[in-house]
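Okay, structure first, notes after.
Reckoned from all heavy atoms, side chains included, excluding hydrogens, waters and symmetry mates. Every chain is numbered from 1 and lettered A, B, ... according to where its sequence line falls, protein lines coming before strand lines. Worth saying up front: this structure is predicted, and the values here are computed from it rather than measured.
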Protein chains: 2
Amino acid sequence: MTEPRWLDADEQETWRAFLWTSRLLNEALDRQLQRDSGMPHAYYMILAMLSESPGRALTMSELAEVVHSSPSRLSHAVNRLEEAGWVRRTKHATDRRATIAELTDEGYAVLVEAAPGHVAEVRRRLFDPLTREQMLEFRETLHALLEALDPDHTAPCAPDSS
Amino acid sequence: MTEPRWLDADEQETWRAFLWTSRLLNEALDRQLQRDSGMPHAYYMILAMLSESPGRALTMSELAEVVHSSPSRLSHAVNRLEEAGWVRRTKHATDRRATIAELTDEGYAVLVEAAPGHVAEVRRRLFDPLTREQMLEFRETLHALLEALDPDHTAPCAPDSS
DNA sequence: CTTCAAGACTTGAAAGTTAAACTAAATCGG
DNA sequence: CCGATTTAGTTTAACTTTCAAGTCTTGAAG
């Protein structure tokens with residue numbers, strides 16, 4: 001740690017802006033989902049990712065990866081979702097270590113109910129305030145940051161759903 | 001909620017990229033601070049904001065505002081920081097409702113110790129991957145988003161410290 | 001000068017997350 | 001085939017955050 005180059009004023013402001021934007025945006029989304037569907041954003045993501053998977057099911061490991069959750073966190077979350085009746089656990093047929101999490105019909109219904117409001121909120125908070133050009137250049141910048149944060153592309157940032 | 005305009009492919013990808021970037025960046029920062037200084041980012045912010053305030057002290061309300069914390073969360077956090085001996089609570093002289101949180105010398109020392117590593121991490125994760133132009137345009141975009149998220153400028157995004 | 005709403009916190013319990021330890025099943029290298 | 005690893009997942013406890021309620025001022029109205 002030789003000579004820690006301090007942040008200049010522009011950097012300072014950029015850093016602040018990033019911190020506040022990501023916090024306020026995440027809070028807005030969380031509030032909306034909690035209010036309208038009674039679940040946090042992380043839980044919504046679990047349902048959403050399951051709904052897009054073949055058979056509306058994934059192993060816990062696969063699911064943990066796509067929602068970027070630790071195994072532990074996912075396990076707790078799926079406990080809750082199972083209690084709510086939105087997800088069901090099954091044993092994997094051939095690999096008996098694996099557990100399969102499957103979206104129930106009820107869970108799917110909840111998701112279908114929740115999605116429009118969620119998408120509307122994303123649009124309102126993220127896309128309405130930006131021009132198309134701003135959005136595209138924003139995306140490029142985010143990709144540059146992602147490249148540095150996650151060189152191996154662990155993150156499933158290919159075109160997928162919300 | 002009439003006709004929920006879905007996200008197109010570009011929007012989809014932008015939204016994903018934002019989600020992942022903000023998560024990975026926040027995680028990286030949290031990990032670094034937890035590892036090197038044994039505290040979460042939110043606690044670091046409390047110390048940092050106090051250190052920049054006149055007399056290294058603020059009322060709980062003021063502090064809650066600058067770190068964007070609920071009163072309750074801040075109260076719990078300050079309990080921990082007080083146990084650690086990094087912050088001290090005092091009664092406000094004239095308004096006996098108010099409590100003043102004051103950074104102790106020990107807390108200041110911890111912050112001074114922690115700051116360089118933290119700044120280095122911010123630089124590494126956020127600024128190194130971007131060109132100066134990218135950074136400046138990124139900041140503009142974030143300001144546009146902030147304007148929509150927080151029209152009353154509650155967020156202290158004027159030039160300040162980390 | 002009382003009354004009473006609003007302001008500034010604190011508290012306790014519940015929800016969510018993290019960290020570390022643990023079980024069980026599959027795989028790999030002799 | 002067998003022991004050592006690795007992989008998959010759960011569990012427990014600690015910790016952070018949120019939510020709802022409660023305390024003690026202040027300030028403003030009547």
In whole angstroms, how far is the C1' atom of C:dT11 from the CG atom of B:N79? 9 Å
Looking only at side chains, do A:T14 and A:E11 share a donor and an acceptor under 3.5 Å apart? no
Tell me whether B:N26 contacts the main-chain N or O of B:S22 through its side chain, where contact means a donor paired with an acceptor under 3.5 Å. yes
Would you mind writing out the side-chain donor-acceptor pairs for residues 73-81 of chain A within the sub-3.5 Å range, not counting sequence neighbours?
| from | atom 1 | to | atom 2 | distance (Å) |
| --- | --- | --- | --- | --- |
| A:N79 | OD1 | A:R89 | NH2 | 2.2 |
| A:N79 | ND2 | A:S75 | O | 3.4 |

Checking B:D8 now: which residues fulfil salt bridge (Lys or Arg N to Asp or Glu O under 4.0 Å) with it, not counting sequence neighbours? A:R132
Quick one: do A:E27 and A:R23 make a salt bridge, cutoff under 4.0 Å? no
How does each nucleotide of nucleotides 14-22 of chain D score, in 5' to 3' order, for protein heavy atoms under 4.0 Å: base (B), sugar-phosphate only (S), or none (-)? -SBBBB---
Heavy-atom count check: over 12 atoms from other residues, nucleotides or ligands less than 6.0 Å from A:E113 CD? no
Please give, in whole Å, the distance from C:dG16 C1' to A:N26 CG? 15 Å
The criterion is side chain to side chain donor-acceptor pair (under 3.5 Å); which residues satisfy it with B:Q34, sequence neighbours excluded? none
Going by salt bridge (Lys or Arg N to Asp or Glu O under 4.0 Å), name the pairs with one or both residues in residues 94-103 of chain A, residues two or more places apart or in two chains. A:R88-A:E102, A:D95-A:R97
Walk along nucleotides 1-9 of chain C from 5' to 3' and tag each nucleotide B, S or - by protein heavy-atom contact under 4.0 Å, base first, then sugar-phosphate. ------BSS
For A:R96 and D:dT10, give me the distance from atom CZ to atom P, rounded to whole Å. 16 Å
